[in-house]
Protein chains: 2
Amino acid sequence: MLDPVSRVRRFNRAVTSAVGALDTSFLGRGRPLGAARVLNAIGHGRSDVAEIRDYLGLDSGLMSRLLRSLEDEGLIETETHESDARRRVATLTRTGRREFAAYEALSNTQAEGFLAQHSQTEALLVAMDLIASTLTRDRIALEEMNPRSEQARYCLGEYYAELGRRFSQGFDVSLSRDPDAKDMRRPRGSFIVAMSDTLPIGCVGLKGTDHGYAEIKRLWVAPAARGLRLGRRLMDAAESAARELGITLLRLDTNSALPEAGQLYRSTGWREIPRFNDDPYPDLFFEKRL
Amino acid sequence: MLDPVSRVRRFNRAVTSAVGALDTSFLGRGRPLGAARVLNAIGHGRSDVAEIRDYLGLDSGLMSRLLRSLEDEGLIETETHESDARRRVATLTRTGRREFAAYEALSNTQAEGFLAQHSQTEALLVAMDLIASTLTRDRIALEEMNPRSEQARYCLGEYYAELGRRFSQGFDVSLSRDPDAKDMRRPRGSFIVAMSDTLPIGCVGLKGTDHGYAEIKRLWVAPAARGLRLGRRLMDAAESAARELGITLLRLDTNSALPEAGQLYRSTGWREIPRFNDDPYPDLFFEKRL
DNA sequence: CATGATATCTGACTCTAGTCAGATATCATC
DNA sequence: GATGATATCTGACTAGAGTCAGATATCATG
């Protein structure tokens, strides 16, 4: 009754029936699920027909018919792609935008309704993030981004907040040597964000310096994504970027209050070196030759 | 990107595609999903055809055809109900049992595979329990049970374990006044277990005494089910049982290390009274007149 | 034993999703 | 401009899930 497998299967049963209810909410507007899915894909900015087909995993014949039915309803318009006349591009009409908004409202209401069931909303959200990250593990994409992008700034904010919780003396960004965003962009460096679906769940910065080495900065993995070996993937990606940029020596600083980070570095070829900067927070220093 | 509703919707997307994969596992044995669901319902002990129909929400015509197809495959046998010749009862044949076992093995393998994705299995399981409990909240059933039943003993074991964690001096059942099981069964008292699907997630005991009052004992809610106001539901059920038994005065003892319990009692009409027993663990005593 | 309710079964039907085989137009490339 | 690849469309098809209206047998009840 209580072994791990039973617990997973109980979850599966609970979710399967809930997803059934979710589907009916999509069917609540008198339109087959397939057509609703295509409409929503277009509403979410996927305009290229081939892209939608790929995203939803549909046969080209079926896709074509679904587009036709949405056109007949007056919800979308299609035109040929501007640079490739074989391709088609779909856009919502005014009516289509209204219908899409109605689906969005349905989804939002449903999500709010679910949250309202529970008095400890945050615990519930954390649990959902954890499961969503695990389920979509194979689809976590590492993307190089501007460190000033919305996603990057979110990650950094969470990173600082976590340091504040983990360091007994707290953490004040202004006291730390905050890397210049320019140093974490090509060609001097790089900033990589791990995206799970639309949610940033981790990041790492590669900061170029003028001292013959680059630094790894701001390695962070969202609590919901820990245990998926994402830290390792991020570090691998940062090293690859460094190699591409012709960097041969990497350094980083960290704190013994973050033991899992130290363990990661030690197990991936980094070796401890003496202090190489005067930042007040770190007390552990590593180096790795590429 | 990070508001609660987006997080719920991200979870929905993740789970919807995963559930698709779950369905295909059911389809992996060359049998339509409907037939597989009926076979599994029978395998899990639902033999009454009407009961299966109700559980799976099927039309009687469809149900009849699915049964026929399983019979044709030699997986089940049906006979008329022993006390009502209109009803039919389905049982697995030897082949059917083998096929059911194959589905079970598939489900178990899939569940294990999911757990293996994550290095922090327990955190993942706790998150799944929390979500499953929330999703099935409306289907949490309070059942009066023998306090010696497997479900009741599981709840009590978890209850004692939790007290051991919460009390600074630990908790030793043998030092506490362990209620006699007879006192928590009709007609002297009652023992109520909250079941979510097959998992016991809470309990409460109503213990009859010879002192003109009954006691509320062993109120416990599983961590995964907290926030669903289940404690309140259990207390309501215990009070209803007490009223049915003609009990007019209730007492209980608790400990200030369990603040959420004290808050629940205070907000539901209980008033604090002086110590009325010599149990070493409680330091707070309440009374409620029905 | 008549009557209405209940459980199951059967036949006829619909809708949705999806597959498959071409047809057509366009693109990239030599 | 010929050739093979690609994107879309159309027609013909299947399977699964489900609905609906009776038919039949049985039950509970007066």
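Note on naming: letters A, B, ... go to the chains in the order of the sequence lines (proteins, then strands), and numbering restarts at 1 for each one. What you are looking at is a predicted structure, and each value in this text was computed from that prediction instead of being measured.
One can place CG of B:D59 at 12 Å from P of C:dC9, the figure rounded to the nearest angstrom. Distance, A:D72 CG to D:dT10 P: 10 Å, rounded to whole Å. For the pair A:M63 CE and C:dT16 P, the computed distance is 17 Å after rounding to whole Å. A straight line from NE2 of A:H81 to C1' of C:dT26 spans 13 Å, rounded to a whole angstrom. As rounded to whole Å, 13 Å separates atom C1' of D:dA15 from atom CG of B:L62. The CG-C1' distance, from B:L66 to D:dG16, rounds to 10 Å in whole Å. Rounded to whole angstrom, the span from the CZ atom of B:R37 across to the P atom of D:dG18 amounts to 7 Å. The nearest whole Å value for the distance from the CG atom in B:L67 to the P atom in C:dT8 is 9 Å.
Residues A:E99 and A:R31 are paired through a salt bridge, judged by an N-O separation under 4.0 Å between the basic side chain and the carboxylate. A salt bridge links A:D84 with A:R87: the distance from a Lys NZ or Arg NE/NH1/NH2 to an Asp or Glu carboxylate oxygen falls below 4.0 Å. Salt-bridge annotation for A:D48 and A:R53: absent, with no side-chain N of the basic residue lying under 4.0 Å from a carboxylate O of the acidic one. A salt bridge is defined here as a Lys NZ or Arg NE, NH1 or NH2 lying under 4.0 Å from an Asp or Glu carboxylate O, and B:R68 with B:E71 meets this definition.
Considering only side-chain N and O atoms, B:R53 lies under 4.0 angstrom from the phosphate OP1 or OP2 of C:dT8. For the OP1/OP2 pair of D:dC9 and a distance below 4.0 Å, the side-chain nitrogens and oxygens of A:R68 include at least one atom meeting the criterion.
Looking at residues 84-91 of chain A, you'll see A:D84, A:A85, A:R86 sit with a heavy atom under 4.0 Å from some atom of DNA chain C.
Nearest to the side chain of B:P32, among C:dA17, C:dC9, D:dA17, sits D:dA17. Distances were taken from every side-chain heavy atom of B:R65 (C-beta onward) to each of C:dT19, C:dT10, D:dA17; the shortest belongs to C:dT10. The side chain of B:L58 sits closest to D:dG18 out of D:dG18, C:dT19, D:dG16.
Minimum interatomic distance between A:S133 and A:I140 (heavy atoms only, all atoms of both residues): O-CD1, 4.3 Å.
Across the strands present, C:dG22 finds its partner in D:dC9; the criterion is a Watson-Crick or G-U wobble pair with both atom distances under 3.5 angstrom.
Applying the 6.0 Å contact sphere to CZ of B:R229 captures no more than 12 heavy atoms from other residues, nucleotides or ligands. B:R10 CZ: more than 12 foreign heavy atoms inside a 6.0 Å radius.
For the pair A:A35 and B:V49, both in contact range of DNA chain C, the more 5′-proximal nearest nucleotide belongs to B:V49.
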